[in-house]
Amino acid sequence: GALMASVEGGSGPIESRELKGLVADAFHAGSEYARAMDAVLGERARALVIGDMSCASRIASWLRDGERGTCALALDKGFGAAADLDPIGAASRLGTLGALIEHVRVDAGCEGLLRALLGDVLLVESVEAGLGVLARERGWRCVTQAGELVDARGLIVGERGLTQGMVGRRARIDAIGRAHAVTPVT
């Protein structure tokens with residue numbers, strides 16, 4: 001949008017080196033967890049990753065003052081919302097399939113962002129299992145590998161195609177690339 005065009009043109013509120021990509025570019029999961037990632041991240045997968053609060057403030061002012069629309073931003077260190085939780089311990093205590101963060105690789109420097117966005121997510125076998133987890137202990141979000149999400153705000157259920165979300169598309173492209181990689185002849 002307008003932000004990217006102005007940054008690329010040198011007239012934006014920040015320099016291009018201050019943009020670190022999209023959230024979906026910083027997180028990497030195999031295709032078996034891509035639907036779960038897409039369900040949990042939702043529109044946050046498209047958020048721009050920035051390095052500090054000063055960048056966020058300058059972007060917000062630039063957008064607001066120029067009536068240039070909105071933009072989702074994510075701090076590479078995270079804002080800390082779920083950073084203090086122990087999803088691996090909770091997964092064991094609550095009998096789930098594990099914590100989603102155990103199945104995600106993250107770009108260097110974005111570990112705090114991973115904890116902030118996914119540190120409260122447990123993998124479950126079914127929506128019913130997720131509902132059972134929330135009945136026993138609130139504060140967690142539960143997701144199936146198929147991408148059905150259960151949390152305090154409600155449910156997102158139904159069939160989700162692998163390539164519907166940004167993480168799923170990237171996982172599919174990576175899988176195709178690996179399948180067609182040329183093996184050197186020795």
Side-chain angles (χ1 to χ4, degrees), residues 1-31 33-88 90 99-122 138-143 147 149 151-154 156 160 162-174 177:
L3 175 63
M4 294 304 296
S6 68
V7 169
E8 289 171 355
S11 63
I14 62 172
E15 296 179 28
S16 60
R17 65 177 171 71
E18 295 178 282
L19 287 177
K20 301 182 179 206
L22 302 175
V23 167
D25 295 330
F27 296 166
H28 311 280
S31 58
Y33 297 102
R35 290 179 184 95
M37 292 274 301
D38 282 326
V40 171
L41 291 174
E43 288 300 311
R44 290 259 183 236
R46 290 178 164 72
L48 294 172
V49 180
I50 55 174
D52 59 54
M53 292 301 291
S54 169
C55 286
S57 181
R58 285 180 283 150
I59 291 169
S61 292
W62 184 84
L63 289 167
R64 186 177 38 255
D65 295 345
E67 296 181 10
R68 294 179 178 101
T70 62
C71 180
L73 302 172
L75 189 62
D76 63 356
K77 296 167 200 63
F79 288 100
D84 295 332
L85 297 176
D86 177 18
I88 296 170
L100 184 57
I101 61 171
E102 295 177 282
H103 305 283
V104 180
R105 296 179 322 282
V106 63
D107 289 351
C110 290
E111 295 84 359
L113 180 59
L114 176 73
R115 299 270 316 160
L117 294 180
L118 303 177
D120 63 341
V121 181
L122 304 176
R138 297 184 188 275
W140 299 103
R141 292 184 291 165
C142 298
V143 68
L149 180 65
D151 65 20
R153 293 175 292 264
I156 298 175
R160 174 186 294 271
L162 176 61
T163 58
Q164 273 184 272
M166 292 184 72
V167 176
R169 282 193 289 273
R170 284 178 171 77
R172 181 71 179 131
I173 289 166
D174 289 347

d(Cys110 SG, Arg105 CZ) to nearest 0.5 Å is 14.0 Å
Problem set entry | Pair Arg141-Leu100, side chain to side chain contact (heavy atoms under 4.5 Å, CB included): steps then yes or no | CA-CA 10 Å; Arg141 292 184 291 165; Leu100 184 57; over 6 Å; no
Tell me, do Leu117 and Leu41 make a side-chain contact under 4.5 Å, heavy atoms counted? yes
Determine whether Ile14 and Val7 make a side-chain contact, defined as any pair of heavy atoms from C-beta on separated by less than 4.5 Å.
yes
Subject >> Side chain proximity check, Met37 to Val143, heavy atoms < 4.5 angstrom >> reply: no
In short, Leu85 meets Trp140 closest at the heavy-atom pair CB-CH2, 3.9 Å
Rounded to the nearest 0.5 angstrom, the CG-CG distance for Leu19 and Leu73 is 9.0 Å
Rounded to the nearest 0.5 Å, the CG atom of Asp38 sits from the CZ atom of Arg44 at a distance of 15.0 Å
What one should report as the nearest heavy-atom pair of Pro87 and Ile101 is CG-CD1, 3.7 Å
ask   = Do Leu75 and Leu113 have side chains that get closer than 4.5 Å, going by heavy atoms?
value = no
Rounded to the nearest 0.5 Å, the CG atom of Leu48 sits from the CG atom of Leu3 at a distance of 6.0 Å
Between the CG atom in Asp107 and the CZ atom in Phe27, the distance rounded to the nearest 0.5 Å is 9.0 Å
Output for pair (Met4 CE, Ser16 OG), nearest 0.5 Å, gives 8.5 Å
Q. Between Glu8 (side chain) and Ser6 (backbone), is there a donor-acceptor pair under 3.5 Å?
A. no
Across all chains, not counting sequence neighbours, the side chain to side chain donor-acceptor pair (under 3.5 Å) partners of Asp52 are none
(message) Measuring only between side-chain heavy atoms, which start at C-beta, is Val40 closer than 4.5 Å to Leu149?
(response) yes
Correct closest heavy-atom pair for Pro13 and Arg58 would be O-NH1, 3.4 Å
Residue pairs meeting salt bridge (charged side-chain N to carboxylate O under 4.0 Å, His left out), one or both in residues 62-72, sequence neighbours left out, come to none
